[in-house]
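Input: a single structure, listed below in structure tokens.
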Amino acid sequence: MYLIYVDESGDIGLIGSPSRYFVLSGFVVHEMRWHDTLEAIIAFRRFLRAAYGLKLREEIHAARFMYHAGDAARIPKNIRLKILREVLEFEATLLDVSVINVVVDKLGKASEYDVFEKAWSCLIQRFHNTISHKNFPGPQNVDDRGLLVSARTDEPRLRALVRRMRRYNPVPNKGVLGYRQILLTTLVEDPVHRDSLHSYFIQLADVNAYFLTQKLKPSDYISRKGARNYFDRLNPILCRVASARHPQGVVML
């Protein structure tokens, strides 16, 4: 079984929204690598504690960590940015993990465009497709399935979307008119929702989503510090098969 831990960056509003982009990033790990990956994350967090004084129980939520750091404000801002960069570099060293990314560019979208549904259905579809075609790296079972673990979002809406995709999921044909039904058969159970404070995996997904957003539209501070392309440090583990149209496999909607 594959587990995908997902977090968002930006908001789903089309009118009066402060963000042009809505981003989903999913960190994928196979059950047979889950424990080893967790142990590696814990060892890395112990390194951060020793090097920078960041406690293991303190959450790394990238946007808040940079601009509303709370107790972590005791760590200078430039060092907090360095920590986030090291998070990305650490992830890139992990074995047999993948990162799937979906971006909705809200500019020019019609008022009836459903940002939430389009982004989540696309991410779920790519997760399903990659499992079905056995394109994730690392160990595989004969008939693998997947489990979606999400940071806090619109839980009833996401649950309803997943249930519908199991029964009705028309996907546009490539190159020709029409649709084909690709029912969501690989995902088991309803999405599981976790508070990111209690999940190191969700925290990794959050950092990834944040820096993908910064690559698209960096803040003044990120630009000044030359951190716009920090997302590129994830290149070794990006799920490039998710989109043939993007060099990093990012699905752009």
Side-chain angles (χ1 to χ4, degrees), residues 3-11 18-29 34-95 97-99 101 103 149-153 193-238 248:
L3 296 94
I4 182 169
Y5 295 86
V6 185
D7 206 353
E8 307 170 344
S9 178
D11 67 273
S19 59
R20 173 175 169 177
Y21 299 99
F22 178 69
V23 173
L24 293 176
S25 187
F27 181 94
V28 181
V29 60
W34 188 90
H35 188 269
D36 289 344
T37 304
L38 176 63
E39 289 301 307
I41 296 171
I42 292 171
F44 174 67
R45 289 300 302 258
R46 286 173 175 155
F47 161 75
L48 294 180
R49 180 181 60 187
Y52 308 112
L54 182 69
K55 300 171 185 176
L56 271 72
R57 68 173 181 271
E58 290 184 292
E59 180 182 9
I60 298 180
H61 184 290
R64 291 202 300 264
F65 193 66
M66 286 304 302
Y67 301 107
H68 306 283
D71 289 344
R74 68 184 184 279
I75 303 172
K77 190 174 183 179
N78 66 308
I79 299 300
R80 298 200 302 273
L81 180 59
K82 185 174 186 286
I83 289 172
L84 294 180
R85 186 194 72 208
E86 293 191 15
V87 169
L88 299 171
E89 292 171 348
F90 159 74
E91 285 185 72
T93 69
L94 292 171
L95 299 176
V97 302
S98 290
V99 177
N101 302 284
V103 175
V149 184
S150 170
R152 296 296 180 183
T153 185
H193 288 75
R194 294 288 308 276
D195 186 331
S196 57
L197 175 63
H198 306 300
S199 172
Y200 285 147
F201 292 96
I202 293 288
Q203 291 177 37
L204 295 183
D206 170 83
V207 174
N208 299 344
Y210 175 79
F211 278 103
L212 179 50
T213 301
Q214 293 301 315
K215 182 178 177 68
L216 296 166
K217 192 176 188 334
S219 68
D220 291 341
Y221 183 79
I222 292 295
S223 292
R224 290 199 310 273
K225 293 297 183 179
R228 176 172 188 165
N229 292 319
Y230 275 10
F231 177 80
D232 296 349
R233 285 166 163 75
L234 293 173
N235 278 339
I237 60 171
L238 293 178
Q248 294 176 303

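The basis for the numbers below is simple: all heavy atoms, side chains too, and nothing from hydrogens, waters or symmetry mates.
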Legend entry - Backbone N/O of His198 and side chain of Arg194: donor-acceptor pair under 3.5 Å: yes
Legend entry - Arg80 side chain to Met66 backbone, donor-acceptor under 3.5 Å: yes
Legend entry - ring-ring contact (aromatic ring centres under 6.0 Å, His included) against Phe211, all qualifying residues, sequence neighbours excluded: Tyr230
Inset, instruction - Measure from the side-chain N and O atoms of Arg228 to the backbone N and O of Pro218, and report whether any donor-acceptor pair falls under 3.5 Å. - result: no
Inset, instruction - Find out whether Gln248 and Asp232 are in side-chain contact, i.e. whether some heavy atom of one side chain is under 4.5 Å from a heavy atom of the other. - result: yes
Legend entry - Interatomic distance, Lys215 atom NZ to Asn229 atom CG [nearest 0.5 angstrom]: 4.0 Å
Inset, instruction - Measure the CZ-CG distance between Arg233 and Leu84 for me, rounded to the nearest 0.5 Å. - result: 11.5 Å
Inset, instruction - Any chance you could measure Arg74, atom CZ, to Ile79, atom CD1, to the nearest 0.5 Å? - result: 13.0 Å
Legend entry - Gap separating the NZ atom of Lys225 from the NZ atom of Lys82, nearest 0.5 angstrom: 13.0 Å
Inset, instruction - Give the ring-plane orientation class for Tyr221 versus Tyr67, where under 30° counts as parallel, over 60° as perpendicular and anything between as tilted. - result: perpendicular
Legend entry - Backbone N/O of Leu204 and side chain of Asn208: donor-acceptor pair under 3.5 Å: yes
Legend entry - Check: Ala209 main-chain N/O paired with Thr213 side-chain donor or acceptor under 3.5 Å: yes
Inset, instruction - State the CZ-CD distance between Phe231 and Gln214, to the nearest 0.5 angstrom. - result: 12.5 Å
Inset, instruction - Return yes when atom CG of Asp71 has more than 12 non-hydrogen atoms of other residues, nucleotides or ligands closer than 6.0 Å, and no otherwise. - result: no
Legend entry - Flag if over 12 foreign heavy atoms under 6.0 Å of CG, Asp220: no
Inset, instruction - To the nearest 0.5 angstrom, please state how far the CG atom of Leu216 sits from the OG atom of Ser9. - result: 9.5 Å
Inset, instruction - May I ask you to check whether over 12 heavy atoms, not counting those of Lys77, lie within 6.0 Å of atom NZ? - result: yes
Legend entry - side-chain hydrogen bond (donor to acceptor under 3.5 Å, both in side chains): pairs with one or both residues in residues 38-47, sequence neighbours excluded: Arg45-Gln203
